[in-house]
Amino acid sequence: MDYQFKEIEQKWQQFWAQNQTFKAEDKSSKPKYYVLDMFPYPSGAGLHVGHPLGYIASDIFARYKRLKGFNVLHPMGYDSFGLPAEQYAIQTGQHPAITTEDNIATYRRQLDQIGFSFDWSREVRTSSPDYYKWTQWIFMQLFNSWYNKDADKGQSIDKLVAHFESNGSAGINAVCDDEILSFTASEWKAFSNQQQQDELLKYRLTYLRESTVNWCPALGTVLANDEVKDGFSERGGYPVEQKKMTQWSMRITAYAERLLQGLDTIDWPEPLKEMQRNWIGKSTGASVKFPIDKSGHNAALDTDFIEVFTTRVDTIFGVTFLVIAPEHELVASLTTAGQKADIEAYIAQTKKKSELDRMADAKTVSGAFTGSYVLNPLNGQQIPIWIADYVLAGYGTGAVMAVPSGDQRDFLFAKHFNLPVVQILDIQNIETEADPTKEGAYVNSDFINGLAYKEATATVVAKLEEINAGKAKVNFRMRDAIFGRQRYWGEPVPVYFKDGLPYLIDESHLPLLLPEIDKYLPTETGEPPLGRAEDWKYEGGLAYELSTMPGWAGSSWYWYRYMDAQNDKEFASREAIEYWKDVDLYIGGSEHATGHLLYSRFWNKFLKDLDLVVEEEPFKKLINQGMIQGRSNFVYRLIDEEGRGTNTLVSHGLIKQYKTSPIHVDVNIVENEVLNIEKFKQWRPEFADAEFILEGGKYICGVEVEKMSKSKFNVVNPDDIIGRFGADTLRMYEMFLGPLEQSKPWNTNGIEGVFKFLRKFWRLFHNDAWEFGVSDAAPSKAELKSLHKIIKKVEEDVERFSFNTSVSSFMIAVNELTDLKCNNRAILQDMVIILSSYAPHICEELWSLLGNADGTLSYAPFPKFNAEYLVEDEFAYPISINGKMKMNLSISLSLDVKEIEATVLANADVQKYLDGKTPKKLIVVKGRIVNMVV
RNA sequence: GCUCAGAUGGUGGAACUGGUAGACACGCAGGACUUAAAAUCCUGUUCCCGUAAACGGAGUGCGGGUUCGAUUCCCGCUCUGAGUACCA
């Protein structure tokens, strides 16, 4: 029979499901290998052709590892809490759980069609109570923990309480809020429970804090920093504003240094690590306290100094002004009566500017003088305090010491407002711009005059410490992550409130189920949707937390749940975690670089600190699959003399001769840029009687690479491809498209080449009448050579994730075997095993036809490479003259270099090229090349 | 601006440690089969010169360098894509 992909694929997909072929063993003598895909959010649009790219790669790898004798864990699930289902609920009233369920069904159907070898018995859904019970449980562990800097790990809060009880707050080195109390053991014991809890909250790894948040009014929720792009929400593109709110936060900053260091131990793409490094943003410098000059005015100030962070404390004698952020808490009290109008006008002006304007405006200098001064702590010099929006409230202390000679922004500011610029290094050139050099010797710098950079820095820091005006400090750009959304469709936070303070619900009450509500909108009083739930109180009367967890909560630990997905006693058993340990290969998009991948590493480190998991890093090796871009096709409408569009369309090659305007056309009715005119006429009524100006009898469309989107008619659905060519072709074609990590436009041109290849492979097993038949004769040398070439090639390619090159090699192998008229069982059976990770359905069918037991292919041993079959006794040496290849000459490989030289020089054709001359030099690389210098 | 990645035929791409540039596939052209079309198969296909072949010349974004030999290594530049952005 001819290659009937539809029947074959259906048959084997059913077989795999019924027999649970890919169920991973929990206990095994085989080595483990964990291949993980980033699980999808099941959107209503279904899977598009870009999604499976990574899944196909990981599936090939997983199948390959099984053939290589590994016990492979290759699971799939759904990140099923999220905004779209809730937005849909707001519009239609349909419960998000129903929408989600429907979407998951679509995803599952689509995934099954592609023939993935997932172990579905371990499926997880973050929105299922069995799952989010453990997300809530991990939240509770975070609430019950603090970060001990001395031990450099997260620890149980009980330890902290015990310390307070015996020693008070002395000797505690913790990552905590700024305003902690200092107390003795007896004072602690004298605190009311209320006071104690209030104090402990300042240490907990998840805590409540009033902070400035990214508030998105359109979505009615707070967004994390990584969910905001250029002042707009990443999802939906709505404007985002800054707002003060009391929010749950995660003390991820406690782990900043470990998150940074850990990057050096994992095999991730360098750009991705770089993104995390930038996000963490470590900078080493010093914090300096500038005493406020209270001599003149505003004696009412309750703070004595302004603290700044600087990476160039050596430039402290070049400070000619201080700049604080307009939002800085001291602005109001520092402003003198005379400057009040100026300052207020400036603040009003910055408030109006959106973040986007502020960036576009980066070149314009703006600011206002508060009227107050600080004193340089080292020489007592009076320094004016300004406000300007180039100083960000959220970074460092929201205040900078301005050194115009060394910093370009400070320089522009000084020039604009006529402030002094002081040279501090002898070789500094500050005529037209700031010079940030660290070279040369200091001048105008008091006790560091004449010193060099390193020495000067150390000297200044020592002096500041001595007079208690500053110290060396490491600063991180990363902020604590906000952990609450004013939304319905997320995990409820397992917390209730008593006397204004949060308490965990009892563990036995987990999971805290999401209550039913009448509408998925905030309450009339502006509370989150959970405020609508009736009788939703803890133990009869206590109010629950009404915000839910953010989208990243459920995805920050899901790889552990796959290890032991049905466990109802623990998030995963100790046994399972000790066996599977961590993810060996993780494939997904780079868009999660600073979100999911950072939070996951954070939670993992925390779980490791509590000794709940065994590895410090969760994902040993990570690969980013490239983005699949859209590839739009265009037709060109002829414009008449009056500038009106006509119903005549001009083929792309001729548009220069006419006046035309481009129109997007559905890529599904275009093949190799040739428009299917019949389908086009049916596509939309307006084109039913369109006329065409053709070239060579065809209408050729224009092409452009754009985002894949419905409005551009360039979305390709994998279902359509599978319908036409089958899943095996889709799998191989997606790999054939190019290197996995490269972004590329989706382009169906060329898919037939892959389909033809599979058919050719099928034909090796069949005669001209499509009857199955293989021979049991001993394989020939040439056949064995082809086979062992491909064994080696696939091993090498898969190990380095170069899937595109092995597809080419498969084609070469099949072309060779076809030329050899090979129908040898021994050869073909090994071919089936090798190809099975790429094209599993056709291989299962052939495996079965070859007389093997159904379902044994997935665990068959990968053929062993034997180098002997590749040994050649001759090599066709390229003979080049001055590096240019001229001819090939076959020479026995048994000859040594001297003999090769002699053979080459004795050759008549070589002599013809040499034209009587003697080569100056003769380079012979055995088995590679001969080069003559003439 | 900064950081990272990349640039190879008409197209997607290959060439792994410096050693025959363009594998494999698409497209295109020609041919076979067919009444015809589709499907299938065969041949050719980097560019230039030449009717064609032999042959010759150029050629991996641009300019230089190292080397017997460079798509690969080094220096400078251009362009494209991604990330990031007043980070003190």
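Here is how names work: the chains are called A, B, and so on, in the same order as the sequence lines, proteins then strands, and each is numbered from 1.
Across every strand in view, B:A82 sits in a pair with B:U3 that passes the Watson-Crick or G-U test at under 3.5 angstrom. Using the Watson-Crick or G-U wobble rule with both distances under 3.5 Å, B:C68 pairs with B:G19. Using Watson-Crick or G-U wobble geometry with both donor-acceptor distances under 3.5 Å, B:C33 finds no partner in any strand shown. B:G76 and B:C62 make up a base pair, with Watson-Crick or G-U wobble contacts both under 3.5 Å. When Watson-Crick and G-U wobble pairs are counted only if both distances are under 3.5 Å, B:A52 pairs with no nucleotide at all. In this structure, B:G27 and B:U45 make a Watson-Crick or G-U wobble pair, each of the two defining distances being under 3.5 angstrom.
Comparing atom distances between the A:Asn815 side chain and each of B:C4, B:A25, B:A88 picks out B:A25 as nearest. Taking the side chain of A:Ser808 as heavy atoms from C-beta on, and the options B:U84, B:G13, B:A23, the nearest nucleotide is B:A23. Proximity note for A:Asn804 (side chain, C-beta onward) versus B:U20, B:G13, B:A88: the nearest is B:G13. Taking the side chain of A:Ser283 as heavy atoms from C-beta on, and the options B:U20, B:A88, B:A15, the nearest nucleotide is B:A88. The side chain of A:Lys921 lies closest to B:C68, out of B:U11, B:C68, B:A88. Across B:U20, B:A88, B:C24, the shortest atom-to-atom separation from the side chain of A:Val391 is found for B:A88. Of the candidate nucleotides B:G19, B:A88, B:C41, B:G19 has the atom nearest to the side chain of A:Ile929. Closest contact between the side chain of A:Thr311 and the listed nucleotides B:C16, B:A23, B:A88 involves B:A88. Of the candidates B:G12, B:C68, B:U40, the closest approach to any side-chain atom of A:Ile923 belongs to B:C68.
Between A:Asn749 and A:Met401, the one whose closest nucleotide on RNA chain B sits nearer the 5' end is A:Asn749. Nearest-nucleotide mapping onto RNA chain B: of A:Lys886 and A:Asp819, the residue sitting toward the 5' end is A:Asp819.
Between A:Lys760 and B:U40 there is no side-chain polar atom (N or O) within less than 4.0 angstrom of OP1 or OP2. Applying the 4.0 Å criterion to OP1 and OP2 of B:G83, one finds that A:Asn278 has every side-chain N and O outside that range. Not one side-chain nitrogen or oxygen of A:Gln408 sits closer than 4.0 Å to the OP1 or OP2 atom of B:A88.
Taking the side chain as every heavy atom from C-beta outward, A:Asp264 and A:Lys273 never approach each other to under 4.5 Å. A:Tyr3 has its side chain within reach of A:Asp728: a pair of non-hydrogen atoms, C-beta onward, lies under 4.5 Å apart.
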| Between A:Val403 and A:Arg312, does a side chain to side chain contact (heavy atoms under 4.5 Å, CB included) hold up when you go through it step by step? | CA-CA 9 Å; A:Val403 184; A:Arg312 289 293 303 274; over 6 Å; no
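Rounded to whole Å, the distance from CZ on A:Arg800 to P on B:U17 is 9 Å. Following rounding to the nearest Å, A:Gln742 (CD) and B:C4 (C1') show an atom-to-atom distance of 15 Å. A:Lys756 has its NZ atom 10 Å from the P atom of B:C42, to the nearest Å. Rounded to whole angstrom, the span from the CZ atom of A:Arg477 across to the C1' atom of B:U84 amounts to 8 Å. For A:Asn747 and B:G10, the CG to P distance is 17 Å, given to the nearest whole Å. As rounded to whole Å, 10 Å separates atom P of B:G81 from atom CD of A:Gln629. Between the NE2 atom of A:His652 and the P atom of B:U11 there is a distance of 13 Å, given to the nearest Å. Going from atom CG of A:Leu889 over to atom P of B:G19 covers 21 Å, rounded to whole Å.
Across all strands shown, A:Phe736 has heavy atoms under 4.0 Å from base atoms, whether or not it also approaches the sugar-phosphate. At the heavy-atom level, A:Arg631 lies nowhere under 4.0 Å from the strands shown. A:Asp797 comes within contact range of no nucleotide atom at all, as no heavy-atom separation falls under 4.0 Å. Using a 4.0 Å heavy-atom criterion, one finds that A:Lys793 contacts the bases of the nucleic acid, with or without backbone contacts as well. Contacts of A:Val925 with the nucleic acid, taken as non-hydrogen atoms under 4.0 Å apart, include base atoms. Residue-level contact check: A:Pro745 touches neither bases nor backbone, having no heavy atom under 4.0 Å from any strand.
Comparing the C1' positions of B:U46 and B:A29 gives an interatomic distance of 16 Å, to the nearest angstrom. Taking the P atom of each, B:C41 and B:A53 are spaced 27 Å apart, rounded to whole Å. Nucleotides B:C62 and B:U67 have their P atoms positioned 23 Å apart, rounded to a whole Å. Nucleotides B:G61 and B:A54 have their C1' atoms positioned 34 Å apart, rounded to a whole Å. Atom P of B:C42 sits at a distance of 23 Å from the matching atom of B:C47, rounded to the whole Å.
Atom CG of A:Asn633 is separated from atom CD1 of A:Ile669 by 9.0 Å, given to the nearest 0.5 angstrom. Taken to the nearest 0.5 Å, the OH atom of A:Tyr390 stands 5.5 Å off from the CZ atom of A:Phe413.
No hydrogens or angles considered: a donor-acceptor pair under 3.5 Å links the side chains of A:Glu799 and A:Tyr64. Side-chain contact check for A:Ser283 and A:Tyr395: at least one donor-acceptor pair (N or O, by modelled atom type) lies under 3.5 Å.
With its glycosidic angle within 90° of 0, B:G9 adopts the syn conformation.
Between A:Arg631 and A:Trp746, the shortest heavy-atom distance links the atoms CB-O, 3.1 Å.
For A:Asn931 against B:C68, a side-chain N or O and a base N or O form a donor-acceptor pair under 3.5 Å.
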